[in-house]
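Note sheet for the following structure.
For ligands, and for the atoms within them, numbers begin at 1 and follow the listed sequence. Every value quoted in this text rests on a predicted model; they were computed, and no experiment measured them.
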Amino acid sequence: MSAHERRFAGKVVVITGGARGQGRSHALALAREGADVALLDVASGDLDHPPFRVATTADLSETASLVEKAGGRALPLVCDVRSEEQLNEAIDRTVATFGGIDHVIANAGVESLFVEPWKLSKQDWDAVIAINLTGVWLTCKTAIPPLIERGGGSIVLVSSGAALRPLSFNVDYTASKYGVIGVGLTLANDLGAHGIRVNVVCPGAIDSPMLDAVAEANGITRETFLRQFEGSNLLVPGVLAAEESTTPAILWLLSDEARFLTGVVLPVDAGSWVRTVARRRR
Ligand SMILES: NC(=O)c1ccc[n+]([C@@H]2O[C@H](COP(=O)([O-])OP(=O)(O)OC[C@H]3O[C@@H](n4cnc5c(N)ncnc54)[C@H](O)[C@@H]3O)[C@@H](O)[C@H]2O)c1
């Protein structure tokens with residue numbers, strides 16, 4: 001592998017929601033490019049609110065061993081991003097094990113129930129906001145001091161296409177993901193002086209375990225759920241993007257190649273957001 005392909009040699013990266021799905025894909029790609037990776041995940045199998053099947057400890061261990069096979073050191077840590085205490089412990093363990101932190105991917109998130117906004121329970125609303133929005137802020141809050149101590153670094157926050165075009169009957173998820181953009185753009189302002197860049201990625205529909213979990217939570221089949229995405233993007237119509245699809249953009253934003261970019265909100269969605277109504281020319 002050339003030096004160009006090992007952009008993260010000697011770097012330490014924290015990934016929340018790293019046990020499966022897109023987080024796992026980022027971890028493996030980073031390890032192949034020389035990074036050591038702390039994988040933080042709730043890894044509880046299930047959540048009560050929202051009722052959602054999350055990763056298991058077996059998923060977390062499997063990702064850690066795949067990272068090691070890919071050439072990086074892995075630190076798998078059970079950590080719920082809703083808990084400041086657990087995040088503090090995880091960040092301390094990461095610094096103690098790897099000597100510091102250079103990059104953060106705040107990726108942990110859950111989908112929720114598809115219900116009329118006036119029928120959504122406050123308990124489910126609170127739970128989704130706690131994970132997807134407060135969890136992203138708490139991840140940054142706890143990880144930023146080691147980045148400042150290191151003298152710089154970069155952060156990518158994972159929002160969603162739902163923060164560019166709202167998802168109907170999904171007010172909690174949509175609101176949480178708009179909020180992530182607010183956190184990212186504020187942090188970009190406040191961290192520039194410390195040499196820390198902060199950018200936000202908005203994935204389109206991605207074929208990760210999240211899709212199975214959200215179909216199950218809403219009592220619909222995977223096939224019914226997937227039909228909603230037919231023709232939703234410009235590049236792979238009728239087909240969902242694989243869970244590795246967002247990884248190259250995220251690694252690029254983290255890397256020095258993007259050293260003049262901060263405060264960017266980047267759709268990585270095969271053109272779902274820009275897609276417009278097709279007009280007949282004649
Ligand atoms: N899959 C999509 O279509 C899609 C689209 C847009 C945005 N996203 C976002 O991308 C990110 C990654 O999702 P994915 O597609 O890989 O889904 P996924 O469900 O496979 O992965 C999410 C990970 O987050 C973990 N997690 C959930 N709650 C947590 C908590 N409280 N603390 C710590 N970890 C927790 C899960 O265990 C899981 O490993 C999420 O933020 C999601 O909202 C996904």
Step-by-step side chain to side chain donor-acceptor pair (under 3.5 Å) determination, D59 to T56:
CA-CA 5 Å; D59 294 323; T56 61; 3.1 Å; yes
Closest non-hydrogen contact found for L138 with R82 is CD1-O, 3.8 Å
Should you measure from each heavy atom of [X], which atoms of ligand 1 turn up under 4.0 Å away?
X    : value
P209 : 20 (O)
G17  : 23 (C), 24 (O), 25 (C), 39 (O)
V158 : 9 (C), 10 (O), 11 (C)
D80  : 30 (C), 31 (N), 32 (N)
A55  : 36 (C), 37 (O), 39 (O)
S159 : 7 (C), 9 (C)
A205 : 3 (O)
V110 : 27 (C), 28 (N)

Any heavy atom of [X] closer to ligand 1 than 4.0 angstrom?
X    : value
A130 : no
S44  : no
K177 : yes
C79  : yes
G135 : no

Measure the spacing between [atom1] of [X] and [atom2] of [Y] and express it to the nearest 0.5 Å.
X    : Y    : atom1 : atom2 : value
E89  : T94  : CD    : OG1   : 11.5 Å
L251 : I105 : CG    : CD1   : 6.5 Å
D102 : I155 : CG    : CD1   : 11.5 Å
I250 : H26  : CD1   : NE2   : 3.5 Å
S232 : D269 : OG    : CG    : 9.0 Å

What's the shortest distance from [atom] to any protein heavy atom, and which residue and atom give it?
atom                    : result
atom 19 (O) of ligand 1 : R20 NH2, 2.8 Å
atom 32 (N) of ligand 1 : V81 N, 3.0 Å
atom 44 (C) of ligand 1 : Q22 NE2, 3.4 Å
atom 15 (O) of ligand 1 : S208 OG, 2.5 Å
atom 8 (N) of ligand 1  : Y173 OH, 3.6 Å

Exercise. Out of G204, G161, S160, who gets a non-hydrogen atom closest to atom 5 (C) of ligand 1?
Worked result: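 It is G204 whose heavy atom sits nearest to atom 5 (C) of ligand 1.
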Looking only at non-hydrogen atoms, the one of V128, L87, D41, V54 nearest atom 25 (C) of ligand 1 is D41
Would a 4.5 Å heavy-atom cut-off, applied to side chains only, mark [X] and [Y] as touching?
X    : Y    : value
V12  : R150 : yes
T139 : L40  : no
L185 : V265 : yes

Check the orientation of F114 and F225. Use parallel for under 30°, tilted for 30 to 60°, and perpendicular for over 60°. parallel
Under 3.5 Å: N/O of [X] near N/O of ligand 1:
X    : result
I206 : yes
A43  : no
N107 : yes

Is the shortest side-chain N to carboxylate O distance from D207 to R222 below 4.0 Å? yes
- Task: Identify whether the distance between the nearest side-chain nitrogen and carboxylate oxygen of E33 and K11 falls below 4.0 Å.
- Result: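 Not counted as a salt bridge, because no side-chain N and carboxylate O are separated by less than 4.0 Å.
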